[in-house]
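Please read the structure below before turning to the comments.
Hydrogens, waters and symmetry mates play no part in the numbers below; they use all other heavy atoms, side chains included.
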Amino acid sequence: MSDQAALRLAPRGAAGSAPPPPAGTDHPIPVPARPVPAESVPTQPVPARPVPTQSVPARPVPTQPVPAGPVSSGSVPAPGAPALDALPPEADGRRIWAALGDSGRLAAVYRDGDPASGVVPGALGRLMTDVDARFGIGATLSVCIQLATSVPLLALGGDPAARALRDALAGRAVVALAATDEGSGADLAGLGTTVAVEDDGVTVTGTKRWITGALYADHLLVLARHREGRHFTSFTWVLVPADAPGVSVEPADTALFDGSGTGHVRLDGVRLPRDHVVGRVGRGMTSFAAHIAVERLTGTLWGVALCARTLRGTKRRLQERAHGDGTLWQLESVRQRFAACLLRTHELAALAHRLGDRVAERHDTAAAALLKASAAKTVDAVLAECAQLQGAEGFATSGAQWTRAQAALWGIGGGTTEIVLAAVAGAADPLLAELPS
């Protein structure tokens with residue numbers, strides 16, 4: 001999911017304003033309302049949809065999720081929430097995706113239900129909040145990547161992509177984003193997966209690592225190079241059926257991210273018709289640079305929801321934990337530490353509100369980099385402090401320490417914090433111009 005190369009190689013003006021190189025209540029955090037506009041290979045392939053061996057123990061579902069966009073003042077269940085409530089907390093990303101599609105919530109995230117038209121930040125934030133409230137980080141990650149990147153990229157064109165797009169929006173298909181390569185990692189310009197493009201078909205060869213949803217995907221959206229060199233025009237998207245001859249998948253060796261279906265993919269001379277190219281040949285890196293901005297917005301909205309949920313749970317524990325003649329919550333030092341986390345979460349929510357439309361409407365990469373860097377630092381700080389405040393209880397199964405370990409994702413996936421800070425520095429002049437002088 002990293003995109004150092006995308007930021008460095010995308011042509012000037014391809015996306016956004018960044019240069020291509022780069023308290024005492026349990027009510028939701030308020031966000032000002034705004035108008036809503038109309039990511040060792042086995043010798044034999046494994047099944048594309050194995051049942052996950054890990055499960056996420058149940059946790060209580062908040063009755064009032066944190067709004068990430070315009071909502072009414074009352075507590076009104078979001079459309080499709082009952083469909084999510086019918087699933088067990090350990091449901092994987094595929095089951096959650098199916099429920100969201102069947103209830104119409106996937107299409108509702110996009111303007112006029114069309115992924116090519118961009119996302120509606122308010123609807124996107126509410127969906128991510130609802131999913132985070134009910135399911136594990138791994139399963140929620142699978143939803144995040146598809147909503148923000150995989151599905152919108154399908155709108156670039158091609159008959160197979162159009163069919164996959166319709167099925168994905170209906171919840172009938174999962175599309176895994178296969179960008180990260182074996183060996184090159186964040187350096188997408190150095191990826192070794194190749195696609196030979198000919199008049200009568202294409203041949204895809206290579207290995208993709210740490211691909212979210214790979215274990216239960218119907219399609220793999222593969223970023224591959226069609227010619228040598230690190231130029232941004234050397235890369236192309238190919239839609240690969242997960243059950244195509246030559247495709248094999250193995251689970252990633254990690255106990256984290258239950259329900260994400262994360263795996264490693266081998267593509268051994270996969271032969272496909274020419275129309276499986278998605279978009280124009282040579283436009284892969286440019287389109288990736290644009291759509292990764294929306295993924296960063298999505299991750300920020302999710303980060304606000306995760307921090308708020310963790311803070312609520314921490315506050316309840318502090319109020320229940322006896323200390324002397326009172327509780328830990330009554331200690332001023334504890335309240336100060338908690339308040340600092342609450343402040344940081346509000347700051348992140350405010351930044352998402354201010355920059356959300358710029359990212360959603362213009363794929364503003366500078367704004368997205370600000371959001372990504374801020375989210376990574378806020379999520380890390382808030383979850384670390386909450387885990388410390390919960391003491392030994394934080395080490396329980398699926399406790400605060402478990403959540404904290406997985407939340408390191410915010411500083412790595414979709415571009416490491418160092419990469420996005422470099423992008424912020426590259427856009428220093430226009431970003432400074434936005435501030436009072």
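A distance-only check finds no donor-acceptor pair linking the side chain of S374 to the backbone of L371 [under 3.5 Å]. With D114 contributing its side chain and A116 its backbone, the two residues share a donor-acceptor pair below 3.5 Å. Checked by atom type and distance alone, the side chain of R337 never pairs as donor or acceptor with a backbone atom of L389 at under 3.5 Å. Between the side chain of H291 and the main chain of S150, no donor-acceptor pair closer than 3.5 Å is present. Formation of a donor-acceptor pair under 3.5 Å by the E295 side chain with backbone atoms of T149 is not found in this model. A donor-acceptor contact shorter than 3.5 Å links the side chain of T236 to the backbone of G282. Of the possible donor and acceptor atoms, none in the side chain of W410 sits under 3.5 Å from a partner among the backbone N and O of K377. Between the side chain of T416 and the backbone N or O of I412 there is no donor-acceptor pair closer than 3.5 Å.
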Practice task
Before giving the answer on salt bridge (Lys or Arg N to Asp or Glu O under 4.0 Å), spell out for D85 and R134 the whole-Å C-alpha distance, their side-chain angles and the decisive distance to 0.1 Å.
Solution key: CA-CA 8 Å; D85 290 337; R134 292 161 173 81; 2.6 Å; yes
Practice task
Given side-chain contact (heavy atoms from CB on, under 4.5 Å), test V240 with H219 step by step and report yes or no.
Solution key: CA-CA 6 Å; V240 178; H219 309 278; over 6 Å; no
Exercise for the section: Please assess V151 against Y110 for the test side-chain contact (heavy atoms from CB on, under 4.5 Å), listing each intermediate value before the final yes or no. Expected result: CA-CA 11 Å; V151 168; Y110 307 104; 3.8 Å; yes
Problem - F235 and T286: CA distance, side-chain angles, deciding distance, side-chain contact (heavy atoms from CB on, under 4.5 Å) verdict - result: CA-CA 9 Å; F235 305 92; T286 302; over 6 Å; no
Practice task
Would you check, one step at a time, whether the test side-chain contact (heavy atoms from CB on, under 4.5 Å) holds for T129 with L301?
Solution key: CA-CA 8 Å; T129 298; L301 297 173; over 6 Å; no
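When all heavy atoms of A179 and L223 are compared, the pair lying nearest together is CA-CB, 4.2 Å. Of all non-hydrogen atoms in W97 and A173, the two that sit nearest each other are NE1-O, 3.0 Å. Residues A375 and T300 approach most closely at CB-OG1, 3.7 Å, considering heavy atoms. Nearest heavy-atom pair across P115 and L165 is CG-CD1, 3.8 Å. Nearest heavy-atom pair across T403 and L383 is CG2-CD2, 3.6 Å. Nearest heavy-atom pair, P152 versus Q146, reported as atom, atom and distance to 0.1 Å: CD-O, 3.7 Å.
Here R309 pairs with D132 in a salt bridge; the nearest charged N to carboxylate O distance falls below 4.0 Å. A salt bridge is defined here as a Lys NZ or Arg NE, NH1 or NH2 lying under 4.0 Å from an Asp or Glu carboxylate O, and R111 with E361 meets this definition. Ionic pairing of R354 and E434 is present here: one or more N-O contacts between side-chain nitrogen and carboxylate oxygen are shorter than 4.0 angstrom. We find that D130 and R105 are joined by a salt bridge, their nearest charged nitrogen and carboxylate oxygen being less than 4.0 Å apart. No salt bridge links R94 with D92; every basic N to acidic carboxylate O contact stays at or beyond 4.0 Å.
If you check the side chains of S287 and W237, you find a donor sitting under 3.5 Å from an acceptor. In summary, the side chains of Q319 and T327 do not present any donor paired with an acceptor at a separation below 3.5 Å, with no hydrogens or angles considered.
To the nearest 0.5 Å, the span separating CD1 on I137 from CG on D258 amounts to 9.5 Å. For the atom pair S142 OG and L177 CG, the distance stands at 11.0 Å (nearest 0.5 Å). Residue K208 holds its NZ atom at 4.0 Å from OG1 of T193, rounded to the nearest 0.5 Å. W302 contributes atom CH2, which lies 5.0 Å from atom CG of L141 (distance to the nearest 0.5 angstrom). Here the straight-line distance linking atom CG of L348 with atom NE2 of H353 works out to 13.5 Å at 0.5 Å rounding. The OG1 atom of T345 sits 4.5 Å away from the CG atom of L311 when rounded to the nearest 0.5 Å.
Within the 4.5 Å cutoff, no side-chain heavy atoms of V143 are placed close to those of F135. Side-chain contact check for H264 versus P251: every heavy-atom pair is 4.5 Å or farther apart. Counting heavy atoms from C-beta outward, V277 and L239 have side chains that stay 4.5 Å or more apart. Residues V382 and C386 have side chains in contact (heavy-atom distance under 4.5 Å, counting atoms from C-beta outward). A heavy-atom distance below 4.5 Å is not found between the side chains of L153 and V278. Side-chain contact between R312 and K315: absent, with no pair of heavy atoms (C-beta onward) separated by less than 4.5 Å. Side-chain atoms of V265 and L267, non-hydrogen and from C-beta on, do get closer than 4.5 Å to each other. L431 is listed as a side-chain neighbour of V424, based on a closest heavy-atom distance under 4.5 Å.
Between W329 and F338, the ring planes lie perpendicular to each other; the angle is over 60°, past the 30° to 60° tilted range.
Heavy-atom contacts from other residues, nucleotides or ligands closer than 6.0 Å to CZ of R280 number 12 or fewer.
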